[in-house]
Amino acid sequence: MPPHPKTWLSVTPAGLFCEPGGFYVDPQRPVDRAVITHGHSDHARPGHERVLATSETLAIMRERMGVERAGQIQQPLRYGEVLHINGVKLWLRPAGHVLGSAQVCLEWQGARAVFSGDYKRRPDPTCAPFELERCDVFVTEATFALPVFHHPPAELEIARLLRSVRLFPERTHVIGCYALGKAQRLIALLRQAGWDAPIPLHGALMRLCRLYQELGVDLGELVPATVQGREKFAGAIVLAPPSEIGERWARRLNDPLPCLASGWMRVRQRARQGGVELPLIVSDHADWPELLATCAEVEAQEIWITHGREDALIHALGLRGIKGRALHLIGMGEEGEEDE
Amino acid sequence: MSVPAFAELLERLVFSPGRNAKLALIRQWFETQGDPDRGIGLAALAGELVFRTAKPAILRELIAERTDPTLFAISYDYVGDLAETIALMWPADAASNRPPLSLTEVVETLETAPKSALPTIIAAWLDALDPGARLALLKLVTGGLRVGASARLAKTALAEWAKIEVGEIEEVWHGVAPPYRPLFAWLEGRGPRPDPMGLPVFRPLMLAHPLDEKDVANLEAVEWRAEWKWDGIRVQLTAGPGGARLWSRSGEDVSGSFPEILEAMTFHAVADGELLVVRDGQVAPFSDLQQRLNRKVVTQKMRREHPVAVRLYDLLFDGEEDLRGLPFDQRRKRLETWYERVRPERMDLSPLIPFSSIGELAEIRAGARAASIEGLMLKRGDSIYSPGRIKGPWWKWKRNPLSVDAVLMYAQRGHGKRSSFYSDYTFGLWRGDELVPIGKAYSGYTDEELLWLDKWIRNHTTNRFGPVREVERGLVLEVEFDAAQYSTRHKSGVALRFPRIARLRRDKPPEEADQLETLTALIVPGSQEAVEG
């Protein structure tokens with residue numbers, strides 16, 4: 001009988017700890033050995049001694065927190081490449097969330113647990129697609145774990161945006177979006193839809209877009225949104241952090257039409273906060289059907305939930321005869337709640 | 001595809017605060033949709049669709065059959081709106097392969113289907129739509145679009161699309177009905193102008209410009225006629241063999257809220273006047289009239305406690321005769337003889353104010369302090385009745401505003417172009433050591449002052465509540481307003497009419513701002529705000 005993962009994976013104040021392996025997954029405070037699923041700041045914290053992640057995630061961490069704080073020793077691991085740490089088998093599978101995002105797969109004495117990090121099942125031109133790994137315990141996120149969240153195909157949302165650009169050809173469509181992942185995905189989707197004009201970016205988005213380009217993701221021509229003269233922004237699609245689209249920064253734009261790209265835009269009341277005129281439902285997280293489908297397809301006896309709306313998901317899993325358990329990991333989802 | 005297209009239109013309207021954006025969105029609807037759906041959409045926006053609506057109870061049952069009660073409860077709690085929760089939770093029907101639903105099919109079915117068949121029909125529609133379109137459908141069948149678009153706005157968009165004056169649409173509007181095929185045929189040059197056939201129609205009003213003090217000197221007394229500017233609501237009374245209607249300034253039919261006026265409209269004419277609450281010949285302040293606005297059901301008690309009357313000041317039609325081409329002096333004579341002849345109940349004439357010089361008129365204006373009067377109306381004796389706001393023939397000369405020096409307390413961001421600015425201000429006066437809020441204003445300042453205020457507020461924020469910032473008690477604003485009234489709804493006990501920011505008093509220390517007593521002393525006796533029993 002293989003040992004149940006709850007006997008060798010424990011929830012500590014620092015985060016989820018693999019006892020036989022002696023490492024944490026996405027720890028919230030500085031630790032000796034950390035495995036990081038992806039570069040969002042609620043998963044990748046600074047100050048660890050040794051960090052294991054995909055080379056893309058390590059590059060993103062260095063870019064965001066500086067080389068010194070991104071781990072004293074960085075060890076890259078390719079998807080599918082297997083490591084043995086004190087008898088624990090460890091490998092990474094793509095999570096489809098952002099560039100470099102990975103599920104951490106762990107096996108000890110025949111029992112297997114998969115820590116998904118954040119994930120989505122939809123195609124994304126800027127990162128590798130989610131790969132399913134069967135397991136005994138699946139550790140899932142639950143950001144959009146309510147039956148009201150069904151993300152429409154992102155292509156339809158981009159088409160809606162482009163219809164709006166045609167209807168208001170003089171106005172600047174300024175899209176609030178998160179700097180890591182969402183911005184690059186939106187740009188890539190716009191390119192796929194035939195939008196080949198240079199895309200002006202708020203300064204806070206530029207570095208990570210440049211990094212994506214260095215890592216081989218084609219985003220077309222990007223320019224800083226620093227030029228003087230409103231008329232130069234007429235008809236442009238501009239990207240900026242969500243906090244800036246209704247701020248003083250946006251006054252340089254030509255009669256800006258504020259848009260926001262997020263899974264939260266599905267619910268009107270959420271979308272109406274902050275003066276958004278065109279909500280775009282584009283999310284890098286699994287929606288409700290994807291969460292349920294994934295929890296079923298991994299064929300796990302138990303689903304552990306890191307963060308999000310665990311009550312609805314645990315109830316729905318129970319109706320399907322699957323045991324759900326809330327881990328209440330502190331600190332996660334803080335970035336996600338605001339910006340996704 | 002028209003239900004999804006209509007859903008997209010509604011969704012964009014909900015989120016677009018700007019009038020120009022709304023007009024562009026509605027114009028696009030007329031541009032891209034064909035008959036009869038574009039007309040059904042127009043009717044929905046104009047509030048002209050009347051059909052038996054589905055009760056929310058039906059929807060609750062439908063969703064209960066399809067969802068787990070716990071999951072529904074958690075979701076409803078999160079979303080907060082029943083129709084939206086259902087639209088979002090409705091199980092997607094992947095097998096659905098029906099042809100796209102048209103708006104016309106929805107409306108015709110709702111008009112004709114037996115009540116018992118409604119749940120099954122609505123369920124089948126929901127199966128075939130995406131969440132956004134489901135929400136639009138549910139709002140439609142429960143009868144409440146609430147997208148911030150009025151009938152007037154829809155007609156204005158239609159006029160812009162057809163490149164005609166909105167007045168021309170108003171003139172034929174009440175002779176056409178959804179889906180308005182003859183109307184669209186006429187607008188596209190394919191058919192004759194629809195004939196309103198004696199039905200009461202709204203005639204667009206002639207409006208006045210505010211008079212600048214510097215233009216006063218240029219007025220020749222002999223050319224002008226003066227009336228009081230009453231503080232009520234402007235109405236048009238249309239009555240004849242085809243029926244009687246009371247219209248608001250923008251052409252909304254407000255007959256239902258004022259049955260006693262309708263009962264008195266037994267004549268054949270179109271008249272222009274001010275709707276007021278009048279008790280024993282005394283005009284009550286505007287807040288009394290507010291008790292009567294937007295009422296679907298008017299009780300006897302309301303009619304007794306807030307009796308309304310119309311003070312007439314113009315006659316547009318006498319019988320079938322169109323007087324609008326006559327000069328004001330002739331129309332006034334016609335109005336007076338008509339009034340002598342007809343003597344309608346609950347109506348009187350707004351008197352002409354005699355004066356021999358503009359200086360004398362200015363004194364009359366300065367002496368007017370009754371709460372029911374906003375100032376003077378000046379009308380050129382030779383002016384014909386031309387719809388719209390044309391500069392020159394009519395002026396409104398409001399009495400000098402009152403003002404207090406108040407302290408800025410809270411600021412909120414504006415909408416649309418002002419969404420990055422803190423442009424809505426709540427201000428207060430001193431009551432002892434305490435500041436009590438007396439009102440809110442979001443106009444009156446210049447662009448430069450707005451920039452300065454925005455910066456000051458950001459640098460002096462002490463607290464945040466969502467979109468609202470509380471600021472240090474450090475800035476004095478000179479606030480102008482037309483009148484002050486007692487109010488039970490405000491903590492200060494006072495409500496201001498038309499407050500606006502007149503000046504920033506950066507020179508004045510906040511502790512020297514006005515006391516609340518200064519404001520209460522400006523209240524005209526007898527203007528106690530009525531409290532609904």
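Just so it is clear: chains get the letters A, B, ... in the order the sequence lines come, proteins before strands, and each one is counted from 1. Worth saying up front: this structure is predicted, and the values here are computed from it rather than measured.
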>> Keeping Arg230(A) on the side-chain end and Ala234(A) on the backbone end, is there a donor-acceptor pair under 3.5 Å?
In response: no

> Ile74(B), Leu71(B), Asn20(B): which one forms the most heavy-atom pairs within less than 4.5 Å of chain A?
Replying inline: Leu71(B)

>> Going by ring pair (Phe, Tyr, Trp, His ring centres under 6.0 Å), name the residues that satisfy it together with Tyr425(B), two or more places apart in sequence or in a different chain.
In response: Tyr445(B)

> So which part of Leu451(B) gets closer than 4.5 Å to some heavy atom of chain A, the side chain, the backbone, both or neither?
Replying inline: side chain

> Honestly, is Arg251(A) close enough over Phe421(B), meaning NZ or CZ under 6.0 Å from the six-membered ring centre and within 45° of the axis?
Replying inline: yes

>> Under 4.5 Å from any heavy atom of chain A, what part of Ile86(B) do you find: side chain, backbone, both or neither?
In response: neither

> Is Arg134(B) salt-bridged to Asp127(B), cutoff N-O under 4.0 Å?
Replying inline: no

>> What I want to find out is whether Glu31(B) reaches Arg166(A) closely enough, with some N-O distance under 4.0 Å, to be called a salt bridge.
In response: no

>> Would you call the rings of Phe149(A) and Phe144(A) parallel, tilted or perpendicular, taking 30° and 60° as the class edges?
In response: perpendicular

>> For the backbone of Asp284(A) and the side chain of His97(A), can you confirm whether one donor and one acceptor N or O come within less than 3.5 Å of each other?
In response: yes

>> For the interface with chain B, which of Ala271(A), Gly275(A), Pro289(A), Pro152(A) has the highest count of heavy-atom pairs at distances below 4.5 Å?
In response: Ala271(A)

>> Quick check on Asp130(B) against chain A: is it the side chain, the backbone, both or neither that has a heavy atom closer than 4.5 Å?
In response: neither

> Listed by residue number, which members of residues 56-69 of chain B have a heavy atom under 4.5 Å from any heavy atom of chain A?
Replying inline: Asp68(B)

> For Ala21(B), is it the side chain, the backbone, both or neither that has a heavy atom under 4.5 Å from a heavy atom of chain A?
Replying inline: both

> Cation-pi between Arg27(B) and Trp161(B): NZ/CZ under 6.0 Å from ring centre and within 45° of the ring axis?
Replying inline: no

>> For Glu277(A), is there an ion pair with Arg171(A) - N to carboxylate O distance below 4.0 angstrom?
In response: yes

> At a heavy-atom separation under 4.5 Å, does Arg413(B) approach chain A through its side chain, its backbone, both, or neither?
Replying inline: side chain

